[in-house]
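Lettering of chains follows the sequences in order, A, B, ..., and the numbering in each one begins at 1. Just the heavy atoms: all of them, side chains too, but no hydrogens, waters or symmetry mates, feed the values below.
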Amino acid sequence: MNLRAQVEADLAATIEAPGDFGEPFTLTDPLGFSSASQLYGMTADIGETIDADTGQAVAGRQATLTARISTLLAAGYSGLPEHIADGTGLPWLVSFAGPATPSQTYKVKGSRPDRAMGVVKMTLEFWEAAP
Amino acid sequence: MPTVLPSLIDKQDGFEIMRDQIALILFQNQAAQQVLATAGGKDPALWKLRVYTERSNAWEEFLNEPTAVPLDKSPIVNVWYESGVFDGAKSGPVDRQAHAGAFNVDVYGWGVATELPGGGHSPGDMEAAFTAHRGARLVRNILMAGENTYMQFRAADNPKPAPAVWSRSISAITAFQPEQSNVAAHQVVGVRLTLRVEFNEYAPQVEAADTLDFVAVDINRTSDGLLVAEADFDLTI
């Protein structure tokens, strides 16, 4: 096994290990498909961001999800999560809970796949379901 | 030794009064607009503004809004004083300065990506921008309405020393996004309206002792038509 394949295989023990960095999440594609098996990845929802221009801490909120690409494809998703600009359909949706907060649903507003490493990092925004 | 002012400076300056007046005009008018909207069978929430003064981060409450029930998506307005230029040619050397103040009226719109009951979804970034634009529309129309030409400071019953207002105008409207690198979970768009108001500023004046006396002058006409004046003066030599 070459080094890149080893790094990709190690993701199972890093971002997907339950109880370690792996946190359970639900991913729903625009057609409403969700994996039948529980997915694990590295989730984050932090309340402070850094102004890229000044380097100063400014109030903000940043939510992200990092998932293993091979796991998503094996689960049956037709493609990688991405931002959907077209409002006629639904976007990619992610749900996860924090250690002390209930599950919240987010819309995928951007994704940065690292196909060399085998991970995709999604930036998330707030989502409101229909009443 | 220089002399000191004998009386306490216990008043607001014109720019402080103007800042608060801008916020008060916006607050009262948005409430009145909601009443009118309700009477017209329209959703009053579309005319609601949350007005603040001199807040550095008034939109921060948007960060935790998604957990609030019900969600308040009305725009947040922050009025703050940016700068002032004093025109010496229009000012007096003793008591009055012509102050051209620049007041920023920042309108923040917040949007959440929302699933639509009929299918599809409303993008949060677009909703944030449209909400900010709607708020800016209300602010501009309110401040530039005819009855606010002099910021309602020329009414005879206004308490003094209210600043006499020369003029007011919106000099610029700029849209901006207070987020970084497009990674924020919240969608917030801001629109800044720069309102320039020209008004008078006053300063403490020397209160001199009475140095003038009333003088009574009798004006008479002589028999040949000559006008003569007669007055008595008390002189201390």
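There is no side-chain donor-acceptor pair under 3.5 Å between B:Gln152 and B:Gln21.
For B:Phe27, the CZ atom counts as loosely surrounded, since its 6.0 Å shell holds 12 or fewer non-hydrogen atoms of other residues, nucleotides or ligands. For CZ of B:Arg134, the number of neighbouring non-hydrogen atoms (other residues, nucleotides, ligands) closer than 6.0 Å is greater than 12. For A:Met117, the CE atom sits in a loose shell: 12 or fewer heavy atoms of surrounding residues, nucleotides or ligands are nearer than 6.0 Å.
Ring centroid separation for the pair A:Phe96 and A:Tyr106 comes in under the 6.0 Å cut-off.
The salt bridge (charged side-chain N to carboxylate O under 4.0 Å, His left out) analysis of residues 90-103 of chain A, with sequence neighbours excluded, yields no pairs.
Ring planes of B:Tyr108 and B:Phe176: perpendicular class, angle over 60° (limits at 30 and 60°).
In this structure, chain B has no heavy atom under 4.5 Å from any part of A:Pro102. Heavy atoms closer than 4.5 Å to chain A are found nowhere in B:Ser122, neither backbone nor side chain.
Residues from residues 72-90 of chain A that place a non-hydrogen atom less than 4.5 Å from a non-hydrogen atom of chain B comprise A:Ile84, A:Ala85, A:Asp86, A:Gly87, A:Thr88, A:Gly89, A:Leu90, given in numerical order.
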